[in-house]
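First comes the structure, then the notes that go with it.
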Amino acid sequence: QVQLVESGGGLVQAGGSLSLSCAASGSIYSINSMGWYRRAPGKQRELVALISSGVCSTNYGDSVKGRFTISGDYAKDTVYLQMNSLQPEDTAVYYCAALGAFISPVDGNDYWGQGTQVTVSS
């Protein structure tokens with residue numbers, strides 16, 4: 001199994017910055033990509049940012065492009081999310097995800113963290 005431990009988040013005023021980190025642990029053989037999704041009250045879960053292993057290509061949700069930056073250290077199976085110019089609409093629970101995480105060459109799954117609250121006040 002793979003465990004994801006998130007840290008960061010909290011309360012910030014509009015225009016401020018926060019950072020999140022997520023470390024994967026367990027019997028990890030490989031991970032295809034890691035990143036973040038979020039769910040705001042009354043809304044569906046949406047992509048925030050993903051970063052792939054290997055070439056470290058990134059993918060951002062439209063609403064965060066230009067404001068958020070994801071980075072990763074796959075030697076440590078850890079990803080980071082720097083969130084700048086935060087707005088009240090960024091308020092949500094942010095979930096770390098490890099997609100295509102393999103504990104053996106043939107045993108892969110998607111894993112999710114417990115979630116961390118980000119609240120942006122106006």
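Because the structure is predicted, anything quoted here is derived from the model rather than measured.
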Item to check | Pairing of Glu46 and Arg39 as salt bridge, 4.0 angstrom limit | outcome: no

Checklist entry - So do the side chains of Glu6 and Tyr94 get within less than 4.5 Å of each other, counting heavy atoms only? => result no

Checklist entry - Between Leu86 and Leu18, is any pair of side-chain heavy atoms under 4.5 Å apart? => result yes

Checklist entry - Does the side chain of Leu81 reach to within under 4.5 Å of the side chain of Thr69, using non-hydrogen atoms? => result no

Item to check | Non-hydrogen atoms of Tyr60 and Ala49 that approach each other most closely | outcome: CD2-CB, 3.6 Å

Checklist entry - Do Ser17 and Gln82 come close enough that some side-chain heavy atom pair is under 4.5 Å? => result yes

Checklist entry - Is Asn32 reaching over with its side chain to a backbone N or O of Leu99, donor-acceptor style, under 3.5 angstrom? => result no

Next on the checklist: Quick one: does any side-chain atom of Ser53 pair with a main-chain N or O of Ile31 as donor and acceptor, under 3.5 Å?
Outcome noted: yes

Item to check | Ser57 side chain to Ser52 backbone, donor-acceptor under 3.5 Å | outcome: no

Next on the checklist: With a 6.0 Å cut-off (strictly less than), is the heavy-atom count around CD of Gln87, excluding the residue itself, greater than 12?
Outcome noted: yes

Checklist entry - Should Val2 and Phe102 count as side-chain neighbours, where that means a heavy-atom distance under 4.5 Å? => result no

Checklist entry - Is the Tyr37 to Trp112 ring centre distance short of 6.0 Å? => result yes

Next on the checklist: Under a 3.5 Å threshold, yes or no: a donor from one side chain and an acceptor from the other, between Thr116 and Arg38?
Outcome noted: no

Next on the checklist: If you define the side chain from C-beta out and look only at heavy atoms, does anything of Trp36 sit under 4.5 Å from Cys22?
Outcome noted: yes

Next on the checklist: For a 4.5 angstrom cut-off between non-hydrogen side-chain atoms, does Asn84 reach Phe68?
Outcome noted: no

Next on the checklist: Which heavy atom of Gln117 sits nearest to which heavy atom of Val93, and what is that distance?
Outcome noted: OE1-CG2, 3.3 Å

Checklist entry - Can you check whether Glu89's main-chain N or O pairs, donor with acceptor, with Thr91's side chain at less than 3.5 Å? => result no

Checklist entry - Would you say Tyr74 and Ile103 are hydrophobically clustered, going by side-chain heavy atoms of ILVMFWY under 4.5 Å? => result yes

